[in-house]
Number of protein chains: 2
Amino acid sequence: MPVDDRVEAVLELVRAQGGRVTASRRALLRCLFEGPAHRTAEELAREINEKSPDVHLSTVYRNLEELERLGVIAHSHLGHGPATYHLASVTHGHFVCEACGATYEAPDEVFSDLADVASDRYGFGIDPHHFAVLGRCAKCHS
Amino acid sequence: MPVDDRVEAVLELVRAQGGRVTASRRALLRCLFEGPAHRTAEELAREINEKSPDVHLSTVYRNLEELERLGVIAHSHLGHGPATYHLASVTHGHFVCEACGATYEAPDEVFSDLADVASDRYGFGIDPHHFAVLGRCAKCHS
DNA sequence: GTGCTTGCAAACGTTTTGCAGACTC
DNA sequence: GAGTCTGCAAAACGTTTGCAAGCAC
């Protein structure tokens with residue numbers, strides 16, 4: 001599906017929930033659907049501002065929150081620093097090097113053993129997407 | 001070994017590294033050795049201030065940083081919010097419920113399968129102590 | 001006395017919020 | 001016109017830093 005159609009489909013969902021369709025929401029959605037995953041609110045705002053200079057960072061935060069509530073996007077914490085946002089359809093876990101910041105995306109099956117152990121021992125259901133697993137990459141191996 | 005002796009032993013280490021033995025460092029160490037693990041800088045400062053009202057929060061941060069450099073303590077991030085500090089001798093991983101905040105401490109063997117997979121697939125050495133694994137506890141199971 | 005350490009205040013980076021005006025429906 | 005959304009400024013949060021005075025050695 002072309003980007004524009006996907007954007008409009010989400011805006012329709014927003015409207016169905018009683019929300020309004022605004023220029024800043026359209027700009028944010030276009031940005032999310034067009035660009036790479038894992039961008040911070042600030043990065044998204046900067047990109048939006050290239051074409052729509054009046055969209056304020058706080059508006060971006062509020063709209064990200066709204067889109068997250070609707071299940072369209074999710075955010076992850078890849079270590080210290082700002083959260084990153086990505087489409088909910090492309091979730092996966094992360095390994096992030098504490099030394100150089102290198103990031104590896106890992107499919108859920110990588111976490112299935114840990115999920116089993118956590119469940120068996122603690123009745124705990126892990127969410128491997130929200131927070132990254134920190135450590136050292138091969139290059140920075142301490 | 002009694003708390004006082006352990007405190008003095010660390011202070012000796014501090015002195016050996018060219019650091020000075022001060023009242024605020026002694027108070028922080030006593031606090032760390034006496035109380036529960038996983039306290040935030042603010043909590044530690046509050047406890048210290050009950051007996052030593054003049055120790056400033058920024059001093060606590062600076063001394064925590066120093067003690068971490070010496071390997072006496074370590075900090076963990078258990079989700080959003082402030083970091084928690086604990087003695088380096090009692091490291092373990094954590095599972096933290098995103099809904100209710102319940103925290104489970106897990107020995108390193110719980111993470112050995114994940115460590116193997118991360119190493120095999122990405123040459124990545126995980127550090128399961130620094131950041132908690134988020135998810136849902138049995139009670140909050142979504 | 002050298003120089004590490006402290007208290008304080010102020011800054012930092014990220015995110016949230018209060019408000020009055022602007023917009024969508 | 002009702003009610004949502006926006007820009008802006010300001011606050012909130014956890015943490016760090018600059019500085020001059022104070023203390024350990």
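Order of the sequence lines fixes the chain letters, A, B, ..., with proteins taken first and strands second; residue numbering starts at 1 for each chain. Owing to the predicted nature of the structure, the values given are computational and were not obtained by experimental measurement.
At least one donor-acceptor pair under 3.5 Å links the side chain of Glu68(B) to the backbone N or O of His75(B). In terms of modelled atom types and a separation under 3.5 Å, the side chain of His38(B) and the main chain of Pro36(B) share no donor-acceptor contact.
You'll find the side chain of Asp4(B) stays beyond 4.5 Å of the side chain of Phe33(B), heavy atoms only.
Look at Glu43(B) and Arg46(B) and you find no salt bridge, because none of the NZ, NE, NH1 or NH2 atoms lies under 4.0 Å from a carboxylate O. Salt bridge Glu109(A)/Arg121(B): present, at least one basic N to carboxylate O contact under 4.0 Å. Between Arg15(A) and Glu12(A) there is a salt bridge, since at least one side-chain N of the basic residue sits less than 4.0 Å from a carboxylate O of the acidic one.
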Would you tabulate the nitrogen or oxygen pairs shorter than 3.5 Å linking the protein to nucleotides 10-13 of chain C?
none

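Thr59(A) has no side-chain polar atom (N or O) that falls below the 4.0 Å cut-off from OP1 or OP2 of dT6(D). Within the 4.0 Å cut-off from OP1 or OP2 of dC25(C), at least one side-chain nitrogen or oxygen of Arg15(A) is found.
Annotation: of the two residues near DNA chain D, Gly19(A) and Ala83(B), the 5′-most nearest-nucleotide partner is Gly19(A). Each of His56(B) and Ser58(A) lies near DNA chain D, and the nucleotide nearest Ser58(A) is the one positioned closer to the 5' end.
Following rounding to the nearest Å, Leu11(A) (CG) and dC5(D) (P) show an atom-to-atom distance of 12 Å. When the P atom of dC23(D) is taken as reference, atom CZ of Arg20(B) falls 14 Å away, rounded to whole Å. Distance His80(B) NE2 to dA12(D) C1': 16 Å, rounded to the nearest Å.
Near DNA chain C, meaning a heavy atom under 4.0 Å from it, residues 61-72 of chain B has Arg62(B), Asn63(B) in order of number. Taken residue by residue, residues 21-50 of chain A places heavy atoms nearer than 4.0 Å to DNA chain C at Val21(A).
Aromatic ring orientation, Phe95(A) versus Phe124(B): tilted (interplanar angle from 30° to 60°).
Of all non-hydrogen atoms in Arg136(B) and Cys140(B), the two that sit nearest each other are CD-O, 3.4 Å.
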Verdict with supporting geometry, His77(B) and His130(B), ring-ring contact (aromatic ring centres under 6.0 Å, His included): CA-CA 6 Å; His77(B) 300 275; His130(B) 191 182; 5.1 Å; yes
